[in-house]
Amino acid sequence: MTATWLTLGMLLIWGTVVGVDLVSFPQALLSRPLVASAGAGFLLGDPVSGFSVGVVLELFALDVLPVGAARYPDYGPAAVGAVVLAGGGPWMVTLGLATLYALLVAGLGGWSLQVLRRANGRALQRSAAGLAAGQSDTVSALLARGIAGDVLRSFTLTGIALALALQARQIVVPVAGAAACRRASGCRTPNRSRW
Amino acid sequence: MNRGSLRALLRLLAVQGAWSYERMTGIGMGYAAEPLLEDLQASDPARHAAAAVRSAGFFNSHPYLAGIALGALVRAEYDQVPANQLERLRAALPSPLGALGDQLFWVGLVPSVMSLIMLGLAAGVGWWVLPAGLLGFNLFRIATGVWGLHTGLRSGAQVGAAIGDSWLPRWTPRFGRMALLLVGAALPVVAAVELGGATTVARWTAGASGLAVLGLSWRLETRFSPLRLSVLALMMAIVLVGVWP
């Protein structure tokens, strides 16, 4: 699997969309890891990897309750990066690596959400006078600022996830793949029909 | 549905857009309330200003059920409910709406839909099961939002009784049981398919076993706990996947 610049750009946009969907807009389940991974798989021309990674991550995500002020992982951009890492390699090697990678990036995403929420709070304090006067422009501006902040957060998180995944593919996957092939006395090709 | 309600519903899609620890979803609620309060601005500007301040105050509930609170609070503003009573209503709504919404959507529907999608993929139904599942979920979510906003606008300060008499508290626990069973059915099937060891018959049978027990849960809900039923579904699925290698 070779990702072109156009594909990477589309993955970056897709990761941003699914990241914003988690909390800000429109919360339509696009951020679920199965959906985010499947979309990334289709964009890469490797839907099997997308579904394989997505299903495993979805089992982790079923355990998460995104309630109130709780800190929860952001699986969307993480799943996009994980599919890039998993795509094309022998699945018995890349699936586990991609899952571990996604869990780490999702944790980073959860932390970035908290940073965004604190930034929204600071903006709120700066706009206290307008809110006390009941100005609708202030409310609209705060909401637009919050969503713009989430777009920036998701874009950055997806960018990091993609950049690290591309690096990891070049370094980790060949080493781990070769080791797995030595243990198995030869590499089996991935079972492309399982999804 | 009038234009103000439609605009409010669309704005509710971004109710958590400015989520902060200070006001939680308050800014999103204030933004969604604006179109509904326009008539008040024309008739009573002073009361509108006070309502606008209140509408953007601290609030939190499940985002998909926020429309119930929005409608009730706006209706109470038009009904000229005293400010202290409005504040009590505003403080009373988050907990029940949060609890019902979390149980209905996060604990019930979302795991159910995702499990059904995984079972469909495992059964070889085709990739279209994914957009179909998303579409079905979002249609239900939007319909719930429309119902919620109308219920709130109709009930005002009596919204608690309206929620209690509605389908919401009756059906919410059933969605939780459905999720337990579908997740229980999906787990072994997904594991088998990821490892490449399940035939189409085994996948279908394992999925069907979960759905069969789901039906039983409705009939026998007073005699069997959801946990026992989900364990039964899981065991049936594991056995059936093993029988058809």
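- Here CD1 of B:Ile117 is found 8.0 Å from CD of A:Glu58. Values are rounded to the nearest 0.5 Å.
- The greatest number of non-hydrogen atom pairs below 4.5 Å with chain A, out of B:Val53, B:Leu12, B:Val113, is found for B:Val53.
- In this structure, the portion of A:Leu62 lying under 4.5 Å from any heavy atom of chain B is its side chain and not its backbone.
- Few gaps surround CZ on A:Phe42; more than 12 heavy atoms of other groups in view lie less than 6.0 Å from it.
- Proximity of a side-chain donor or acceptor of B:Arg141 to a complementary backbone N or O of A:Gln27 within less than 3.5 Å is detected.
- Contacts of B:Arg11 with chain A are absent, with no heavy-atom separation under 4.5 Å from either backbone or side chain.
- Here A:Arg145 contributes atom CZ and B:Ile27 contributes atom CD1; the two are 11.5 Å apart, rounded to the nearest 0.5 Å.
- In this structure, chain B has a heavy atom under 4.5 Å from the backbone of A:Ala132, while its side chain stays farther away.
- Contacts of A:Leu131 with chain B are made by both backbone and side-chain atoms, with heavy-atom separations under 4.5 Å.
- Within the 4.5 angstrom heavy-atom criterion, only side-chain atoms of B:Leu134, from C-beta onward, approach chain A.
- Counting heavy-atom pairs closer than 4.5 Å to chain B, the top-ranked of the candidates A:Val139, A:Val20, A:Val64 is A:Val139.
- Side chains of B:Trp19 and A:Leu113 form no contact here, defined as non-hydrogen atoms less than 4.5 Å apart.
- The distance from the CE atom of B:Met118 to the CG atom of A:Leu59 is 5.0 Å, given to the nearest 0.5 Å.
- The CG atom of B:Leu135 sits 11.5 Å away from the CG atom of A:Leu29 when rounded to the nearest 0.5 Å.
- Proximity to chain A (any heavy atom under 4.5 Å) is shown, for B:Tyr31, by both the backbone and the side chain.
- Looking at B:Ala14, both its backbone and its side chain come within 4.5 Å of chain A, counting heavy atoms on both sides.
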Verdict with supporting geometry, B:Arg23 and A:Asn120, side chain to side chain contact (heavy atoms under 4.5 Å, CB included): CA-CA 10 Å; B:Arg23 297 198 184 201; A:Asn120 285 343; over 6 Å; no

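- Among the candidates B:Ser20, B:Ala52, B:Ala18, B:Gly17, the residue making the largest number of heavy-atom pairs closer than 4.5 Å to chain A is B:Gly17.
- Open room surrounds CH2 on B:Trp127; 12 or fewer heavy atoms of other groups in view lie less than 6.0 Å from it.
- More than 12 heavy atoms of other shown residues, nucleotides or ligands fall within 6.0 angstrom of atom CG in B:Asn84.
- One finds the CE atom of B:Met29 at 13.0 Å from the CG atom of A:Leu143 (value rounded to the nearest 0.5 Å).
- Neither the backbone nor the side chain of A:Pro47 has a heavy atom closer than 4.5 Å to any heavy atom of chain B.
- Of all the listed residues (A:Ala38, A:Pro66, A:Pro26, A:Ala123), the one sharing the greatest number of non-hydrogen pairs under 4.5 Å with chain B is A:Pro66.
- Annotation for B:Phe140: atom CZ counts as buried by contact number, over 12 foreign heavy atoms lying within 6.0 Å.
- Only the side chain of A:Leu124 comes within less than 4.5 Å of a heavy atom in chain B; its backbone stays farther off.
- Closest approach of B:Glu22 to A:Gly121, counting heavy atoms only: OE1-CA, 3.2 Å.
- Highest contact tally toward chain B, considering only A:Ala61, A:Ser24, A:Gly134, is held by A:Ser24 [criterion: heavy-atom pairs under 4.5 Å].
- With chain A as the partner, the residue from B:Asp102, B:Thr25, B:Ile142, B:Asn60 showing the most heavy-atom pairs under 4.5 Å is B:Asp102.
- For chain B, no part of A:Ala148 is nearby; none of its heavy atoms comes within less than 4.5 Å.
- Using a 4.5 Å cut-off between heavy atoms, A:Gln135 does not touch chain B at all.
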